[in-house]
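Provided herewith is a single structure, encoded as structure tokens, for subsequent inquiry.
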Amino acid sequence: MAKLKSVYYCQECGTQFPKWQGQCNACKAWNAIVEEVVEAGSAKSHGGSGSLTTRSEPKTLDKIELNAEHRLVTPDDEINRVLGGGIVAGGVVLLGGEPGIGKSTLLLQLALQLSPLRVLYVSGEESEQQIKMRASRIPFSNPNLYIASETQIEQILAFQKDLSPHLIIIDSIQTIYSDTFESAPGSVTQVRESTAKIIRIAKDKHIPVFLIGHITKEGTIAGPKVLEHIVDTVLTFEGDRHNSYRVVRTNKNRFGSTMEIGIYEMRSNGLREVKNPSEIFLTSGNEAFSGVAITATMEGMRPLLIEVQALVTPFIYGNPQRSATGFDLRRLNMLLAVMEKRCGFKLGQKDVFINLAGGLKVEDPALDLALVCAIVSSMHDIIIPQSTVFAAEVGLSGEIRPITRIEPRIAEAEKLGFQEIFVATTQLSDLSKKFDKIQIKGVGRLQDVFPLVFQG
Ligand code: TYD
Ligand code: MG
């Protein structure tokens, strides 16, 4: 038997150490170093995992041929969008997400939709029967979809050779292991080395690969951080488990923008693409409530109208509570302080709860003005007209600040039938387009907004 030796890896950054220590020298993470047993000598043989092609030589720039990236445009527009226009030949995509959110469903559905292309779907998590049952709920079929319940990387590479598929899906990378290494599946060595092998095949044979990755409690993809560096694209699948909407977000993309999102609805027969996202984030129905304001945010290149809900109540005991779902709590506290100082609202005596409809998380500062108006609306129990939209940032001195890409936001609000939109006065001069159906109201200070919204 080969001689075994122990090496120590930092689970955060993948740095290797000869012996255990409490803190990683490279990334300063505590308690991240774990022991792994490898075969003596193998550490050297896989040292070259960084080189992705079999052999290469340095070339001068003018010798390098520019061949247009070959992309496979799938029938799923949301996937195309988050990948920057389709699946790139030889591109390796890591899809992370919480358990049960729908990662396996998303990729199985994609495999079925790609018919008649040959797809190899390797699952280390579910049996063939389970996958068949899942596939039977999805209303697409692909006679050239091959399912393999397998976890050994050498075996998977052999399947690739036999089938030469157009796409490989691996569910999940944490279950895959190689015989060369002694450590358990899911460990730093196994995950990293299996991924490196997969990437080499993808690049050599120009086969796109999707890897499903588990997520830790902290929300990062489990396994070494290096995994995220060596793949081409990192997508995360997120959403509230109690809500049927799911969002695919691009966190890293060597072949396109990282600002894009794709939106799906989980149905009993798989995931449905949501073509007009604004509609789902607005509460349907004609009844108006106080504490609700609508904002026009941007998700990637797409404008999205969403509803901001606020509840302000007198606090009863202890400290007043501030809670925000889908919005940064620190930013909420800042806005409350601005309202108190600049407009004289007595918010110190109130509990304030904020929720964004549809389980979405938004970081766009354009949400500020809608949030402030929703709070005032709830506090004084006055309804904001349902035809009103807000799109502006609020500064520390209560000034209304301009935001990016105002025109597509106004256009989206107009398209959905809103009649007025509040923006920063300073932004009005940026507008080159004419909007006839929606009234654009410029405001300069927070104090000026309330009379217009609540009495007009
Ligand atoms: P799954 O893809 O197994 O999640 P993951 O791979 O991220 O762990 O999907 C999990 C949930 O999706 C599961 O609770 C059942 C539900 N589901 C549907 O609602 N409709 C469907 O058509 C399918 C296949 C699953
Ligand atoms: Mg799964």
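Counting starts at 1 for both ligands and their atoms, following the listed order.
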- Query: Is any side-chain N of the basic residue among E78 and R246 closer than 4.0 Å to the acidic one's carboxylate O?
  - Reply: no
- Query: Side chains of S244 and R267: closer than 4.5 Å at any heavy-atom pair?
  - Reply: no
- Task: Inspect the contact between E238 and R249 and indicate whether a charged nitrogen and a carboxylate oxygen are less than 4.0 angstrom apart.
- Result: yes
- Item | K275: partners by salt bridge (charged side-chain N to carboxylate O under 4.0 Å, His left out), with sequence neighbours left out | D77, E273
- Item | Pair R331 + E363: basic N to acidic O under 4.0 Å | no
- Message: Strictly below 4.0 Å, N to O, side chains only: are D232 and K252 in salt-bridge contact?
- Response: no
- Task: Could you tell me whether E265 and R272 make a salt bridge, using a distance below 4.0 angstrom between a side-chain N and a carboxylate O?
- Result: yes
- Under 2.8 Å from the Mg ion (ligand 2) - protein N/O/S, by chain and number: S104 OG
- Locate the shortest heavy-atom distance separating G239 from I101; write the atom from each residue and the value. O-CD1, 3.4 Å
- Task: Output the set of protein residues with a heavy-atom contact under 4.0 Å to ligand 1, ordered first by chain identifier and then by residue number.
- Result: E98, P99, G100, I101, G102, K103, S104, T105, R134, R137, M266, R267, S268, N269, G270
- Those residues at least two apart in sequence (or on a different chain) that pass salt bridge (charged side-chain N to carboxylate O under 4.0 Å, His left out) with K350 are none
